[in-house]
Amino acid sequence: MRRKVIAGNWKMNMLPNEAIDFVNNLAPLVKNSTSEVIICVPFTDLFYTLLTAQETNIHVGAQNMHWEESGAYTGEVSADMLKAINVEYVIIGHSERRQYFNETDETVNLKVKSALAKGLKPIVCVGETLEQKETGKTIEVITTQIAKALKDLTNDDISNIIVAYEPIWAIGTGKTATSEDANESIKEIRNEIKKDFGTDDVTILYGGSVKPENAKELFTMSDIDGGLVGGASLEAQKFSKIVNF
Ligand code: PGA
């Protein structure tokens, strides 16, 4: 379902005590937010973050998971394990996972299906490289990524996913896509989903150097439903300004 969502992605940052402080600081600042607030935290912070966020409107997500239920996958965490401690969301296919950990459209699809089957809501990431952008391939790349990531999903599944369009060249670089370009790309993703599933009622976020200064311009565009925020989600004050854009 289409709704306003602001999600933080802490990446490999924050110790448990910092996570607890963050939630305690953020909660009063976002308690009247009309957007859904999510923070996606490292595995070791999940439990503490969930406990601290219990009586607040802050939702908690993980940043990755394995697609198998259990087994000999040293170092991995399954959807069941996340679900068992009440994790609600999980980022799937972030470009850093694709780049540094060899995730492919195929493993992204396996993870998305496993997450949904276990009742987790995946935040599915797609986005083009600078070279793909400069050679005019953005739309082709992101619509192919989304079609492959969502392969074999049902129409009902679509209401339980969030998509994040994150141009790789904009992540952590301080360079943001123009609001028009981001909106256009997201419109194309929406069209692709409509073509494949008969509905475009899906929440699609923009990610890549979102900050308090550009949040409003981006998030008030017709097709952008909110943001996936990396660096600027590490400070409660700063993140709350984005949430309350
Ligand atoms: P950034 O990261 O906001 O630091 O650019 C966004 C992301 O990687 O999700």
Side-chain angles (χ1 to χ4, degrees), residues 4-14 18-19 22 26 30 35-43 45-46 49 58-65 87-103 108 111-112 115 121-130 132-133 138 141-142 145-146 149 161-179 181-183 185-186 189 203-219 221 224-245:
K4 282 277 173 214
V5 172
I6 311 294
N9 171 14
W10 285 358
K11 309 191 181 188
M12 197 172 71
N13 293 290
M14 303 281 239
E18 294 169 322
F22 179 98
L26 183 70
V30 299
S35 305
E36 185 172 337
V37 183
I38 307 171
I39 47 176
C40 297
V41 310
F43 290 131
D45 291 337
L46 281 171
T49 308
I58 300 169
H59 300 250
V60 177
Q63 300 171 8
N64 180 35
M65 52 165 263
V87 171
E88 196 179 342
Y89 288 96
V90 58
I91 297 177
I92 305 280
H94 190 279
S95 61
E96 286 151 15
R97 301 240 22 119
R98 295 179 191 251
Q99 186 181 351
Y100 304 129
F101 303 97
N102 303 320
E103 293 203 7
V108 168
K111 290 181 181 198
V112 169
K121 294 179 224 166
I123 301 174
V124 186
C125 301
V126 297
E128 81 285 3
T129 63
L130 185 60
Q132 289 164 336
K133 172 184 158 67
T138 298
V141 167
I142 60 179
Q145 280 177 340
I146 203 69
I161 66 164
I162 292 177
V163 173
Y165 166 61
E166 300 203 304
I168 294 169
W169 49 269
I171 295 178
T173 57
K175 290 187 199 136
T176 321
T178 64
S179 48
D181 282 354
N183 197 54
S185 295
I186 287 177
I189 293 170
T203 302
I204 310 184
L205 313 180
Y206 167 80
S209 298
V210 173
K211 43 187 187 254
E213 296 74 25
N214 58 24
K216 183 167 181 185
E217 187 186 337
L218 287 160
F219 302 161
M221 296 300 288
I224 305 180
D225 298 321
L228 181 58
V229 186
S233 75
L234 293 170
E235 285 169 43
Q237 274 286 348
K238 204 180 217 180
F239 187 54
S240 74
K241 288 195 184 133
I242 297 174
V243 170
N244 300 319
F245 69 91

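When a ligand or atom number is given, it counts from 1 through the structure's own listing order.
Between F245 and F219, the ring planes lie perpendicular to each other; the angle is over 60°, past the 30° to 60° tilted range.
For I171, heavy-atom contacts with ligand 1 shorter than 4.0 Å involve the backbone as well as the side chain.
Remark: minimum distance from atom 4 (O) of ligand 1 to any protein heavy atom is reached at G231 N, 2.8 Å. Among all protein heavy atoms, the one lying closest to atom 9 (O) of ligand 1 is E166 OE2, 2.7 Å.
Considering S209, A164, G230 only, the shortest heavy-atom separation from atom 6 (C) of ligand 1 involves G230.
The shortest heavy-atom distance from G207 to ligand 1 is not under 4.0 Å. Using a 4.0 angstrom heavy-atom cutoff, A170 counts as in contact with ligand 1. Residue contacts with ligand 1 do not include A232, since none of its heavy atoms lies under 4.0 Å from the ligand. Taking 4.0 Å as the cut-off, K11 counts as a neighbour of ligand 1 on heavy-atom distance.
Heavy-atom proximity to G172, at under 4.0 Å, picks out these atoms of ligand 1: 1 (P), 4 (O), 5 (O).
Proximity of a side-chain donor or acceptor of Y165 to a complementary backbone N or O of I142 within less than 3.5 Å is not detected. Remark: side-chain polar atoms of K238 are not paired, donor with acceptor, to backbone N or O of P212 under 3.5 angstrom.
Within 6.0 Å of CD in E217 there are 12 or fewer heavy atoms belonging to other residues, nucleotides or ligands.
Of the inter-residue distances, the one linking N214 atom CG with I242 atom CD1 reads 7.5 Å to the nearest 0.5 angstrom.
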